[in-house]
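Take a look at the structure set out below.
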Amino acid sequence: MKALAEPVARRSRQCYEVSNAEDFNLTKFAKVDNLHSAYRRLEADGGAGAGIDGLSYDDYSPGEAFAALRQVSESIRDQTYKPWPTRSVRVPKVSNADPNNDRHWRTLELLRVPDRDVSKALQVALDRFWRSRVPTIGRDVWEIFAEMQRAIRERQTYVLAIDDIRNCFPNARIADVMTCHREFISQPDLLWLIDTVIRGHDGHDHLSGLYQGSPYSPIAVEALLHHRLDARLEATHQGLPLLLRYVDNLNFLCRSESEGHQVLQVAEEHLDELDFTLKHEDLPPMDIRDNGFNQPILGFIPGWSNGQLTFSIPETAYGDLREAVQLALMAPMSSRTAHQTVNGWLESHGPALTRTEVPEVVERVKEVTKRCGFTELRTRPMEDVARKARRRWIGFAER
C-alpha cells in the first residue's frame with residue numbers, strides 16, 4: 001500500500017468552503033478529493049478513537065482510505081448516504097470522577113472514520129458562513145476573558161452569575177436544531193446533508209441528541225443556542241447583563257447579585273422551551289472582588305485587582321494534567337508527546353502565570369508529571385514557556 005501514499009497525498013487539496021449557504025454545491029462537496037482533504041485534517045488533529053467497525057485512522061492505508069471515501073462520495077451525490085451506527089464511549093468530565101456518579105461522566109458517540117470525515121467536511125464547508133452569522137462560533141476561553149475584562153472596565157460591573165446547561169448535547173432536540181438551521185439556510189441539498197449528518201444512522205427516528213464525537217455538532221449547538229437564547233436575551237436586556245457564553249457554559253456579568261439571580265431565571269425560561277435545564281451546581285451570583293469568590297470558570301478562578309482580571313488555577317486543572325500526561329505516556333513517542341502535553345497545558349493557562357506564580361506552578365507541574373513516571377522535565381524551559389504564555393495573554397487581552 002505504501003506505493004499509493006504519494007499519489008493520494010498529491011490529490012489532497014484545500015477543503016470545499018462556501019461563504020453563502022445558498023451557493024452550496026453537493027457535487028463539489030462530495031468530490032473524493034474534498035473528503036480526503038477533510039480526512040487529512042482529522043488525521044492530523046488526532047481523535048484516533050475507533051468507530052463501531054473497530055477501525056481508527058492508523059488502520060487505513062492511503063489506498064484503503066481513498067477507496068472508503070469514494071464509496072461515501074457516490075452515496076452523497078445520489079443522496080443515499082446513511083451513516084453507520086456509533087460506538088458509545090464513557091469518559092470522565094472531571095478528574096477523579098466517581099464511576100458510580102453519572103454526573104461526573106459523559107458518553108461520546110464515536111462515528112466510524114468515513115462518517116466522521118463527512119461531518120468534518122461539512123463543518124469546514126460552512127465555517128466561514130456560520131462565523132459571519134453566529135459570533136460565538138470559534139470563540140475560545142481567552143476571548144471570553146478578554147471580553148469580560150474589557151466589559152468590566154467599561155461598565156464597572158463586577159458580579160458574575162454562572163451556570164451550565166445540563167446534558168446540552170444529549171438533550172438537544174433535532175427538530176429544534178433543524179428549525180434554527182432553516183432560519184439561515186434554504187438550499188435543499190445542504191439541508192438534506194445537515195439533517196442526515198446530525199440524525200445519523202437512525203435517520204428520522206433519531207429525535208434528540210447531537211453526537212459529541214461528531215465535528216459538526218458544536219456548530220449545531222451554537223446555532224441553536226445563539227438563535228433561541230443569546231438573541232432573545234439581547235432583545236429583552238440590550239446587553240445588560242452581558243452574556244459571555246462558551247458553548248453550554250453561561251457567564252453573565254451583572255450589576256448586582258439580584259440582577260444575576262433574575263437573569264439566570266429568565267435564561268432558564270428560554271431554555272425550558274428547548275427542554276433544557278440548568279445544573280444549579282455553581283455558587284450564587286457574587287462579586288469577583290470578594291475574597292470568598294472561588295468558583296472555577298472555564299478552567300480558571302477569576303478575580304479583580306488594579307483594573308484587570310486576575311486568575312488562579314483550580315486544583316482540578318492539575319488532575320486534568322495528570323490524566324493527560326498518563327495518556328501521553330502510552331503514545332508511541334511517549335516522551336515527546338508528554339513534553340507537548342505539558343507545554344500545551346502551560347500555554348493554555350497563560351492568564352494565571354504571573355511572575356510570582358510561575359515558580360510555584362512549574363513545581364506543581366513537575367510533581368504531577370514525576371508521579372506519572374515522567375522525570376525528564378527541566379525547570380528553566382517550562383518557566384520560559386509559562387512566561388511567554390503570560391505575555392501572549394497580556395497582548396491578546398489589550399488588543
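Side-chain atoms are counted along with the backbone in the values below, which use heavy atoms only and exclude waters and symmetry mates.
With contacts defined as side-chain heavy-atom distances shorter than 4.5 Å, the pair Phe276/Asp248 does not qualify. Using a 4.5 Å heavy-atom threshold, the side chains of Phe169 and Val247 count as touching. Annotation: side chain of Leu253 is not in contact with side chain of Pro241 (no heavy-atom distance under 4.5 Å).
Here the shortest heavy-atom pairing between Phe293 and Pro302 reads CD2-O, 3.5 Å. Closest approach of Gly54 and Asp59 over heavy atoms only: O-OD2, 3.7 Å.
In this structure, Trp345 has its ring center closer than 6.0 angstrom to the ring center of Tyr318. Ring centroids of Tyr211 and His206 are separated by less than 6.0 Å, placing the two rings close together. For Trp393 and Phe311, the ring centers are positioned less than 6.0 Å apart.
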**OP:** Check step by step if ring pair (Phe, Tyr, Trp, His ring centres under 6.0 Å) holds for Tyr39 and Tyr57.
**Re:** CA-CA 9 Å; Tyr39 174 91; Tyr57 294 99; 5.4 Å; yes

Subject >> Verdict with reasoning, Leu377 to His339, per side chain to side chain contact (heavy atoms under 4.5 Å, CB included) >> reply: CA-CA 8 Å; Leu377 291 176; His339 269 287; 3.6 Å; yes

Original post:
side chain to side chain donor-acceptor pair (under 3.5 Å) between Ser335 and Glu376: does it pass, once the steps are laid out?
Top reply: CA-CA 8 Å; Ser335 179; Glu376 302 172 23; 2.7 Å; yes

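Residues Ser56 and Asp58 bring no donor and acceptor atom of their side chains to less than 3.5 Å of each other.
Note that Arg289 lies in the cation-pi zone of Tyr158, set by a 6.0 Å cut-off to the ring centre and a 45° limit from the axis.
Taking the charged nitrogens against the carboxylate oxygens, Asp230 and Arg245 do have a contact shorter than 4.0 Å, which makes a salt bridge. Checked for salt-bridge contact, Glu273 and Arg232 meet the test: a charged N lies under 4.0 Å from a carboxylate O. Residues Arg380 and Glu383 are not paired through a salt bridge, judged by the lack of any N-O separation under 4.0 Å between the basic side chain and the carboxylate. Taking a cutoff of 4.0 Å between a charged side-chain nitrogen and a carboxylate oxygen, Glu154 and Arg150 qualify as a salt bridge. With respect to Lys120 and Asp117, no salt bridge is recorded, no charged nitrogen being found less than 4.0 Å from a carboxylate O.
Within the structure, every pair that satisfies the salt bridge (Lys or Arg N to Asp or Glu O under 4.0 Å) test and touches residues 389-399, not counting sequence neighbours, is listed here: Arg153-Glu398.
In this view, Phe252 satisfies the ring pair (Phe, Tyr, Trp, His ring centres under 6.0 Å) rule with no residue, not counting sequence neighbours.
Looking at Ser217, its side chain never comes within 3.5 Å of a backbone N or O of Gln212 through a donor-acceptor pair.
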